[in-house]
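Numbering of ligands and ligand atoms starts at 1, following listing order. FYI, the numbering just counts along the sequence from 1.
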Amino acid sequence: MATQHRHTIVIVGGGSAGIATASSLLKRSPMLDIAIVEPKSEHYYQPGWTMVGGGVFRAPVTMRAMKDVMPKGVEWLKTAVKSFDPDNNAVMLEDGAILFYELLIVAPGIKLDWGRIAGLEATLGRHGVTSNYRYDLAPYTWQLVQQTKSGRAIFTQPPMPIKCAGAPQKAMYLSCDEWRDRGVLGDIDVEFHNAGPSLFGVADYVPALMEYVEKYGIGLNFTSNLVAVDGEAKQATFATANGEVTKDFEMIHVVPPQVAPDFLRDSPLAAESGFVEVDDFTLRHKRYANVFGLGDAGSMGNAKTAAAARKQAPIVAVNALSVLAGGEPVAAYDGYGSCPLTVEKGKIVLAEFGYGGKLLPTFPKWMIDGTRPRRLSWLLKSEILPWVYWNGMLKGHEWLVKPDTPVAS
Ligand SMILES: Cc1cc2nc3c(=O)[nH]c(=O)nc-3n(C[C@H](O)[C@H](O)[C@H](O)COP(=O)(O)OP(=O)(O)OC[C@H]3O[C@@H](n4cnc5c(N)ncnc54)[C@H](O)[C@@H]3O)c2cc1C
């Protein structure tokens, strides 16, 4: 007979969202019986990978041992979830065990679907083909930026949804800034190919970004979707409204298409999109009252960012505790997400917005005008936010994100 485990709360995924939620729960209820299912030995601060690709951080500062970020008192089951059986309050684990819960929190992130681009996986990390979307490849981006002196440099963005929708551009601006510094930008033909129709989804930030596009001389190509890469031939093929177009490149920074993880997509918990089907505001599952979902795996229409998870985690914590006690959710998420667009080394356009593209700045405009490039925003990204991530968010300190509800303590 299969091994059986039982826990009051089971959290799927020990990433940004899963760890932050566990810590927020334990802050409110220190004796709570929580298990986190997480197969990896390492935990990553992925927002730092843009800085690694830009030569600002070294890769190891974005990684910590998973055991060191697991909140004390949580039971870590170091295996993956294989499938969900929400009608029986159970999840099946890869190691063959069955895990029963009173309340389930689903946070396994988003799947990077490298295989959807023909030829890509075989050439990643070689022949000038790179991506800041992988820990091991972000240093290669910086290496390529330093080596490139002429030729075409291509930066791609796949169809939405993706995590951190600004990251494809951030890689491009930081590269251009370095080339400008070294006096070679004029010899490099920089192109941005976006499967979508515009530079950024929230119009308020576009003017500042366009100033940089013009300053760096970037060629913009919208509805141009990367479909194949031939590393050895140094050629990339795009599907466009006018058919397929193939381009030579010296280097290419690829952002992979992204989809819901297979085991979630194929489960009763999935929405049509494949993501966990939760209410946009309470983050409770629409059909299973004792299931919550958050982070990149959620069906909500927010920008998929760690900043969003930072806001969502305390909301899930107070709502989950209320449901466990026999009540209803009491806190609501406003769709907050944030995307610090690194337009040059030392300056950032700090996009912060919620559902419907409503601007939700954390700081008053006189301090940081998020629609303009600002040095203070760079300080936030390079120094303050990483510290807040490791020492605040993952430890249950809800600075500036405490839910506005009588239940919050
Ligand atoms: C290049 C890049 C730049 C970014 N820049 C920013 C930024 O500037 N600002 C910002 O706020 N955000 C940024 N992000 C996005 C941010 O990192 C994610 O939105 C955030 O990590 C989402 O948290 P999560 O917990 O949902 O997913 P993750 O942190 O990815 O964690 C998911 C976890 O689930 C685990 N898991 C997967 N499958 C299973 C399974 N079957 N069973 C159990 N566990 C499983 C995984 O191992 C992983 O540990 C960036 C991301 C990238 C890649």
From the list Phe57, Trp387, Tyr389, ring-ring contact (aromatic ring centres under 6.0 Å, His included) with Tyr45 holds only for Tyr389
Return the residue, atom name and 0.1 Å-rounded distance of the protein heavy atom closest to atom 31 (O) of ligand 1.
Gly15 CA, 3.2 Å
Nearest protein heavy atom to atom 51 (C) of ligand 1, by residue and atom, and its distance?
Gln46 CB, 3.7 Å
Atom indices of ligand 1 within 4.0 angstrom of [X] heavy atoms, with elements:
X      : result
Ala107 : 32 (C), 34 (O)
Gly295 : 26 (O)
Gly109 : 26 (O), 27 (O), 32 (C)
Pro39  : 43 (C), 44 (N), 45 (C)
Lys304 : 19 (O)
Thr50  : 3 (C)

Considering only heavy atoms, does [X] approach ligand 1 within less than 4.0 Å through its side chain, its backbone, both, or neither?
X      : result
Tyr44  : neither
Lys170 : side chain
Lys40  : side chain
Lys381 : side chain

Output field: ring centroids Tyr44/Trp49 closer than 6.0 Å:
yes
Within the 3.5 Å criterion, strictly below it, is a donor on [X] or [Y] matched to an acceptor on the partner's side chain?
X      : Y      : value
Ser224 : Thr240 : no
Ser273 : Ser299 : no
Lys365 : Thr371 : no

Are Lys304 and Asp296 close enough for a salt bridge, meaning some N to O gap below 4.0 Å?
no
Less than 4.0 angstrom from a charged side-chain N to a carboxylate O is my criterion; do Asp369 and Arg372 meet it?
no
Between the candidates [options], which shows the shortest non-hydrogen contact distance to [atom]?
atom                    : options                        : result
atom 22 (C) of ligand 1 : Leu341, Ile110, Asp296, Thr342 : Asp296
atom 20 (C) of ligand 1 : Gly14, Gly13, Ser16            : Ser16
atom 50 (C) of ligand 1 : Ala20, Cys164, Ala17, Ser83    : Cys164

Phe281 side chain reached by Tyr355 side chain, heavy atoms, under 4.5 Å
yes
Sole residue of Val12, Val10, Ile34 in side chain to side chain contact (heavy atoms under 4.5 Å, CB included) with Tyr101
Val10
Hey, what do you get for NE2 (His43) to CD1 (Ile19), rounding to the nearest 0.5 Å?
6.5 Å
